[in-house]
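The figures that follow rest on heavy atoms only: side chains count, while hydrogens, waters and symmetry mates do not. Every number for a ligand or one of its atoms is a count from 1 in the order of the listing.
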Amino acid sequence: MTVRSVVCGVGHYLPERVVPNAEFEAIVETSDEWIRSRTGIETRHFAAEGQTTSDLAIRAAQAALDAGGFTPADIDAVVVATSTPDLTFPSTATMVQAGLGMAQGFAFDLQAVCAGFVYALTTADALIVAGRARRVLVIGAETFSRLLDWNDRATCVLFGDGAGALVLEAQEGTGTTADRGILSADLHSDGRFRDILYADGGPSTGETGHVRMHGREVFRHAVEKLAQTAHTALEQAGLGPQDIDWIVPHQANLRIIAATAQRMQVPMERVILTVAEHGNTSAASIPLALSIGVARGQIRPGDLVVTEAIGGGLAWGSVVLRW
Ligand code: UT7
């Protein structure tokens with residue numbers, strides 16, 4: 001018998017406030033035209049004052065539970081991928097656990113920045129396959145607006161806040177690629193590149209810090225590494241580009257998404273795009289795109305979905321799953 005981690009519910013939450021590119025024209029020397037043409041971003045959502053990452057995560061988690069017909073009592077573990085926790089500790093995941101009214105199971109955060117959700121999916125799958133948990137709530141949630149330097153036009157226009165969640169459940173599979181659930185994963189990191197994308201704060205500095213990025217360098221790595229990791233994950237599953245129904249990429253930059261799809265030989269019609277409306281929501285971007293892809297009627301049961309992401313670390317990876 002092959003145990004598969006199958007998606008049995010997906011949901012998301014976006015804070016109410018929508019911020020169009022034009023708002024940045026009053027803050028830094030930029031233009032709607034520059035932001036659109038260089039990134040594909042048109043608007044993003046920002047959390048309200050006092051609204052925390054766990055607040056967004058709880059709303060997304062509740063939506064995923066509802067979609068799957070589950071209650072919090074059905075869940076064995078909560079994994080939150082985030083780089084913007086409410087506090088240094090305890091984990092945002094324990095805040096979500098309490099917020100959902102769960103007293104059972106275990107909860108922890110996972111930090112791999114923009115690659116956080118592919119790392120979290122892979123970790124949750126490992127817990128399920130090892131028999132440590134039967135149902136895992138996997139969440140990507142961020143309030144990146146709290147890490148932005150409003151004087152740095154090269155970064156402040158790029159990011160947004162939001163959360164997405166899914167319920168992974170252990171189900172019996174046949175061991176073939178026809179199975180629903182996670183079929184393969186490929187993860188990497190390379191700390192030699194830690195200086196090209198980082199936040200210049202944390203417990204060692206006494207401040208939260210701001211995002212610092214050498215955009216052009218990150219762009220170069222992204223285009224090279226994303227197609228490669230997706231190819232490796234597909235190959236591991238015994239599949240090829242022709243089998244892909246949807247690429248669900250990390251939504252950082254439309255040009256990176258398009259270049260990656262081209263390298264993967266997949267037309268843009270088979271790519272889920274949310275970057276225009278959300279900007280880069282770091283670990284939340286893939287679960288947000290999955291949830292919206294389902295809501296739009298694009299992703300359907302049985303579809304082969306390839307997720308891929310890269311971010312600070314550098315950390316990157318890809319997960320192949322059948323919806
Ligand atoms: O999620 C984690 C992964 N992160 C990413 O994947 C981000 C990867 N990088 C990128 O998406 C792109 O590099 C950016 C969107 C950040 C920048 O686009 P670019 O085409 O690489 O532009 P650039 O950094 O080479 O800058 C081009 C010019 C520069 O001016 P000069 O030096 O040519 O005079 C910048 O100062 O654009 C300028 N610039 C801006 N101009 C107007 C940078 N930011 C802005 C801005 N508005 N907001």
task = Before giving the answer on salt bridge (Lys or Arg N to Asp or Glu O under 4.0 Å), spell out for D195 and R212 the whole-Å C-alpha distance, their side-chain angles and the decisive distance to 0.1 Å.
result = CA-CA 9 Å; D195 290 342; R212 304 294 173 209; over 6 Å; no

message = Taking side chain to side chain donor-acceptor pair (under 3.5 Å) as the cut-off, I'd like each qualifying pair that reaches into residues 151-162, sequence neighbours left out, listed once.
response = S145-D161, D152-T155

message = Run the salt bridge (Lys or Arg N to Asp or Glu O under 4.0 Å) test against R4 and tell me which residues pass, sequence neighbours left out.
response = D179

ask   = Who pairs with D66 by salt bridge (Lys or Arg N to Asp or Glu O under 4.0 Å), at least two apart in sequence or on another chain?
value = none

ask   = Is R36 atom CZ crowded by more than 12 heavy atoms from other residues, nucleotides or ligands, each under 6.0 Å away?
value = yes

request  = Begin with the C-alpha distance, continue with both residues' side-chain angles, and end with the deciding distance and a verdict on ring-ring contact (aromatic ring centres under 6.0 Å, His included) for W150 and F46.
outcome  = CA-CA 14 Å; W150 304 104; F46 280 164; 5.8 Å; yes

May I have a table of the N/O to N/O pairs between ligand 1 and the protein that fall below 3.5 Å, each row giving the two atom names and the distance to 0.1 Å?
residue	atom	partner	partner atom	Å
ligand 1	1 (O)	H250	NE2	2.8
ligand 1	1 (O)	N280	ND2	2.6
ligand 1	9 (N)	G215	O	3.1
ligand 1	11 (O)	N253	ND2	2.7
ligand 1	13 (O)	G215	O	3.1
ligand 1	20 (O)	R38	NH1	2.5
ligand 1	20 (O)	R255	NH1	3.3
ligand 1	20 (O)	R255	NH2	3.3
ligand 1	22 (O)	R38	NH1	3.4
ligand 1	25 (O)	R216	NE	2.5
ligand 1	25 (O)	R216	NH2	2.7
ligand 1	36 (O)	R153	NH2	3.0
ligand 1	37 (O)	W34	NE1	3.4
ligand 1	41 (N)	W34	NE1	3.4
ligand 1	47 (N)	T30	OG1	2.6
ligand 1	48 (N)	T30	OG1	3.1
ligand 1	48 (N)	R153	O	2.9

